[in-house]
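See below for the structure under consideration.
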There are 2 protein chains.
Amino acid sequence: MAPERKPVDRRKQVLEASARSFATFGYKATTMDQVAKIAGVGKGTIYTFFANKEELFGEIMSGMIRELKELADRTVRPEVPFVDNLMEVLHRLLDYREQHALAAKLSQEVRDLGTPMAKEGLETLERAVVAYIARHVKDAMDRGEIKPCDPNLTAYIMLKTYLALTAESRHLHRPLSKEEVLDYFRTYWMEGLAVR
Amino acid sequence: MAPERKPVDRRKQVLEASARSFATFGYKATTMDQVAKIAGVGKGTIYTFFANKEELFGEIMSGMIRELKELADRTVRPEVPFVDNLMEVLHRLLDYREQHALAAKLSQEVRDLGTPMAKEGLETLERAVVAYIARHVKDAMDRGEIKPCDPNLTAYIMLKTYLALTAESRHLHRPLSKEEVLDYFRTYWMEGLAVR
DNA sequence: GAACTGACCAAAATAACAAATCGGTCAGTT
DNA sequence: AACTGACCGATTTGTTATTTTGGTCAGTTC
């Protein structure tokens, strides 16, 4: 059951070519002709692996979600407090420019073009991230590490804070350094602003 | 210097008609003919008070900002802790459906149509709100009530949290009651999630 | 004669139509 | 059997004709 010694793995070629194209040009501006060209493959070949453009895009998105999940799972250590895990995952996440590139491009595409498929993809990603965070929030809550709260809502607001600190802060602010993002996140979310 | 006993204050009529129209139909779909009709005034009359549509819209927006500021100033008591003032202003703000209607309509217009003027108006509003909150954050910081932080950034994230709890939460969640919004805002922002 | 009006105009938005592009297929090549 | 690219209908894009809109101003009203 060893991986076949194919001369070239065309499926992988298509996957990589489309991933780069989606991240660079967005969903709409990525054409199947272009993907075939970049992959060095005939257009028909794409359709032996993926039913259509939508499915190909879905594959890229779920691949991204899977990688994020693996990154987080690799980082989280159950014996360590929730806060520290959260910070460490955030820390590593901030280095992953690749994933961010696709998400950022799709986000821009939704703003500028309103492409429905890009919107849907981002919503799926958001739901996955929120669900993942919510699970850990719930665990921490059950262990009595953090106060009672609605895990989903809390996860949602956490994500919004993260995005505001990284992507959007540029509007009112200079972009923040990685250390500043972590610092603010810890202050806002764990310790609270009130002096005690 | 008593207010003149005009048979009708046409300026006010125009202002009220356009306020309602902007809130109901948005910037683009509000026509000057329509405003004149609602105000019960000839179209030319509008232009004796306002140079153009842009200026009329600007007047409505700055009026809204002024009202919000007055509401807040009327509520804030300097001798009371920052948190309590914040909560009380939020509390009263949540009852002001009028202001929210215009902001919500403009927000939708930016999403759906991308109208530049609507975008600009919302950005002005956002800057005003952030600047206002930031001033109070800085005061509270100087008084040692809250930890050191960047007032502008903190105000910005506070606003984002507020919007996420009120407007956006509906996507992942049922809309929250006023009490829940206040509760979560207090937990997240003042006490922190960590159990101590 | 100051305040006000609405027919009027240029400019911008929309609709209608023609041309180009794209997702997807499949007969033919390797 | 795996793969290709010319081909096709559908969608998008570019173009032109029509309508709508912001703004003006000669004329009416009080």
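We name chains A, B, ... by the order of the sequence lines, and we start the count at 1 in each one.
Distances from the side chain of A/Thr45 to the nucleotides D/dT4, C/dT5, C/dG24 place D/dT4 closest. Candidate nucleotides C/dG24, D/dG22, D/dT4 were compared by shortest atom distance to the side chain of B/Lys53, and D/dG22 ranks first. With D/dT21, C/dG23, C/dT5 as the candidates, the nucleotide lying closest to the side chain of B/Arg10 is C/dT5. In this structure, of D/dT4, C/dC22, C/dT5, it is C/dC22 that holds the atom nearest to the side chain of A/Thr31.
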* Asked: What do the steps show when you test A/Lys178 against A/Asp95 for side-chain contact (heavy atoms from CB on, under 4.5 Å), and what is the final call?
  -> CA-CA 9 Å; A/Lys178 188 168 139 179; A/Asp95 287 330; 3.1 Å; yes

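Checking A/Phe49 against A/Asp33, the closest nucleotide of DNA chain D that is more toward the 5' end is the one next to A/Phe49.
Overall, the helix from C/dG1-D/dC30 to C/dT30-D/dA1 carries an axis bend of 20° between its ends, with five pairs at each end and the value rounded to 10°.
Taking a cutoff of 4.0 Å between a charged side-chain nitrogen and a carboxylate oxygen, A/Arg186 and A/Asp84 qualify as a salt bridge.
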Enumerate the protein-to-nucleotides 12-14 of chain C contacts in which both atoms are nitrogen or oxygen and the separation is below 3.5 Å.
{"from": "C/dT14", "atom 1": "OP1", "to": "B/Lys28", "atom 2": "NZ", "distance (Å)": "3.0"}
{"from": "C/dT14", "atom 1": "OP2", "to": "B/Lys28", "atom 2": "NZ", "distance (Å)": "3.4"}

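For the pair A/Ile46 CD1 and C/dG23 P, the computed distance is 9 Å after rounding to whole Å. Per the geometry, CD belonging to B/Glu55 stands 10 Å off P belonging to D/dG23, to the nearest Å.
Side-chain polar atoms of A/Thr161 and B/Tyr188 form no donor-acceptor pair below 3.5 angstrom.
Within 4.0 Å of B/Lys43, counting heavy atoms only, lies at least one base atom of the nucleic acid.
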